[in-house]
Amino acid sequence: SDLLKICLSRVYFKNIQINNEMTSSTKTLPNFFSQYFTTEDIPPIIKYVAVRGVVPGWVPLPGQGKMQFRIKRQQEIIDKFIHSYRDDPTDEYCLLNMMMQAVDEETNQGMTNKELFNEIMSLMVAGFEGGGVLLTWLFHILSSEPDVLDKLVEEVNTVIGSRPPTLQDYRKLTYCRQTVQEVIRYRAVVPVAVRQSVAADTFGDVTVPPNELFIIWFNGVHHNANVWDKPEVFDPDRFSPDNKNGRSEFAYSPSVCIGDEFTLMEGILALAMILQKYRIKVLPDQEIDAEMLLVINPAQPINVKIEHA
């Protein structure tokens with residue numbers, strides 16, 4: 001879309017012209033998984049990993065060639081931007097420039113071109129696809145949580161009023177942040193991660209050999225009663241400062257997704273600005289199922305009524 005091109009141009013690459021090949025990256029992987037792996041009730045990405053567990057990597061799968069061609073073209077385009085920045089360094093603020101200046105604390109090395117490409121792709125897919133789905137589920141849930149909505153409106157009116165929000169306001173929107181975090185837990189917008197072991201390791205009684213693919217099932221952890229109290233209840237206060245004390249800090253370590261804070265900021269500010277002017281109500285008598293691709297999407301369109309606040 002034109003809006004996506006503007007965001008990529010201004011935020012990622014500081015006003016470099018963006019074409020349609022770049023914006024197609026937000027759909028390339030989801031489309032590949034959804035078109036080929038269509039069995040119901042099993043996330044397509046898990047089926048892909050299962051197939052790759054028994055089918056050698058050199059055996060192509062239907063649709064894989066098209067996906068690889070698009071990714072290669074996107075890498076060529078992004079590499080041009082990277083070389084342009086390396087040849088003519090700039091102090092202008094954008095995400096690409098920030099990542100190029102970042103230095104690993106252990107190795108004292110910057111990112112390679114391949115690492116920069118991987119991080120940009122993660123941000124483009126998770127930051128835009130994930131951010132849009134996050135807001136969709138957020139307002140779907142708020143339609144059945146009037147007490148939460150009232151608290152959000154009260155905070156937005158108190159902190160911001162009718163003016164545009166600033167970075168200082170973002171830090172003060174604590175209940176908005178808790179609500180967005182709870183949506184991410186409740187709906188696990190990104191439900192899984194796939195990793196490959198680089199060496200043999202042991203987890204409890206399970207031994208993992210090297211080069212083994214395994215799946216981290218976030219959605220299962222988020223609804224595990226051993227981890228969360230009443231996991232099927234939507235409760236933003238789980239993420240209040242008091243309730244976060246004593247919780248494992250692993251999820252907040254440097255290993256967290258590069259798009260984590262980006263998506264939080266995007267979701268919080270969008271939520272606040274929408275509530276300043278509008279109320280979004282989901283129309284009754286709709287059955288909305290979840291569909292798992294790279295993110296958890298609504299399987300059906302959600303019909304809503306939008307009213308002025």
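Just so you know, these numbers come straight off a predicted model, no measurement behind them. The analysis underlying the following values was restricted to heavy atoms, covering all of them including side chains, and did not include hydrogens, waters or symmetry mates.
Between Tyr170 and Pro165 there is no side-chain heavy-atom pair separated by less than 4.5 Å. Inter-residue side-chain proximity for Asp150 and Glu154 is flagged as unmet; no heavy-atom pair is nearer than 4.5 Å. Looking at Val304 and Arg279, their side chains never come closer than 4.5 Å, going by heavy atoms from C-beta outward. The shortest distance between side-chain heavy atoms of Phe139 and Ile274 falls below 4.5 Å. Counting heavy atoms from C-beta on, the side chains of Leu283 and Asp285 never come closer than 4.5 Å. Contact check for Gln181 versus Leu264: side-chain heavy atoms found under the 4.5 Å cut-off. Here the side chains of Thr112 and Phe117 are not in contact, with every heavy-atom distance at 4.5 Å or above. Put simply, the side chain of Leu116 reaches to within 4.5 Å of the side chain of Met100, judged on heavy atoms.
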Evaluate side chain to side chain contact (heavy atoms under 4.5 Å, CB included) for Val221 paired with Ile216, printing each intermediate quantity in order. CA-CA 9 Å; Val221 176; Ile216 305 170; 5.9 Å; no

Could you walk me through whether Tyr175 and Val148 pass side chain to side chain contact (heavy atoms under 4.5 Å, CB included), step by step? CA-CA 9 Å; Tyr175 195 72; Val148 174; 3.8 Å; yes

Using side chain to side chain contact (heavy atoms under 4.5 Å, CB included), reason through Asn113 and His83 one step at a time and then give a plain yes or no. CA-CA 9 Å; Asn113 286 7; His83 286 300; 3.5 Å; yes

Take His222 and Tyr186 through the side chain to side chain contact (heavy atoms under 4.5 Å, CB included) test and state the conclusion after the steps. CA-CA 7 Å; His222 291 182; Tyr186 191 75; over 6 Å; no

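Under the 6.0 Å cut-off for aromatic ring centres, Tyr278 and His308 qualify, their centroids lying closer than that.
Ring orientation note: the planes of His140 and Trp137 are nearly perpendicular, at an angle over 60° on the 30°/60° scale.
Dense packing is recorded around CD of Glu232, with more than 12 heavy atoms of other residues, nucleotides or ligands lying under 6.0 Å away. Annotation for Glu76: atom CD counts as buried by contact number, over 12 foreign heavy atoms lying within 6.0 Å.
A distance-only check finds a donor-acceptor pair linking the side chain of Gln276 to the backbone of Gly161 [under 3.5 Å]. Between the side chain of Asn297 and the main chain of Ala299, no donor-acceptor pair closer than 3.5 Å is present. Of the possible donor and acceptor atoms, one in the side chain of Asn157 sits under 3.5 Å from a partner among the backbone N and O of Val153. With hydrogens and angles ignored, the 3.5 Å screen pairs no side-chain donor or acceptor of Thr207 with any backbone N or O of Thr202. A donor-acceptor contact shorter than 3.5 Å is absent between the side chain of Gln196 and the backbone of Glu212. For Thr179 (side chain) and Pro236 (main-chain N/O), no donor-acceptor pair under 3.5 Å exists by modelled atom type. With Thr263 contributing its side chain and Gly131 its backbone, the two residues share no donor-acceptor pair below 3.5 Å.
Here the straight-line distance linking atom OG1 of Thr136 with atom CD1 of Ile296 works out to 13.0 Å at 0.5 Å rounding. Distance check: Leu142 CG to Leu152 CG gives 6.0 Å after rounding to the nearest 0.5 Å. If you take CD1 on Ile160 and CD on Gln168, they are separated by 11.5 Å, rounding to the nearest 0.5 Å. The CG atom of Asn303 lies 13.5 Å from the NZ atom of Lys305; values are rounded to the nearest 0.5 Å. To the nearest 0.5 Å, atom CG of residue Leu271 and atom CZ of residue Arg177 are 13.0 Å apart. How far CZ of Phe234 is from CG of Asp237: 10.5 Å, rounded to the nearest 0.5 Å.
Counting only N and O atoms by type, the side chains of Thr166 and Asp169 include a donor and acceptor under 3.5 Å apart. Side-chain atoms of Gln300 and Asp289 form a donor-acceptor pair, as typed in the model, at a separation below 3.5 Å. Between the side chains of Ser240 and Gln178, no donor-acceptor pair of N or O atoms lies under 3.5 Å.
What you find for Lys230 and Arg238 is that their closest heavy atoms are O-NH2, 2.6 Å. When all heavy atoms are compared, the tightest approach of Ile141 to Arg187 is CD1-CG, 4.4 Å. Looking at every heavy atom in both residues, Gly267 comes nearest to Leu134 through CA-CD2, 4.4 Å. Shortest non-hydrogen contact noted between Ala272 and Leu173 is CB-CD1, 4.0 Å. The minimum heavy-atom distance between Cys176 and Val156, with the atom names listed, is SG-CG2, 4.0 Å.
The hydrophobic cluster containing Met265 does not contain Met273, counting ILVMFWY residues as joined when their side-chain heavy atoms lie under 4.5 angstrom apart, directly or transitively. Hydrophobic clustering (side-chain heavy atoms under 4.5 Å, transitive across Ile, Leu, Val, Met, Phe, Trp, Tyr) groups Ile268 together with Leu167.
By the side-chain contact (heavy atoms from CB on, under 4.5 Å) test, Ser143 is found to be paired with Val282, residues two or more places apart in sequence or in another chain being considered.
Of the charged side-chain nitrogens involved, at least one lies within less than 4.0 Å of a carboxylate oxygen, so that Glu182 and Arg185 count as a salt-bridged pair.
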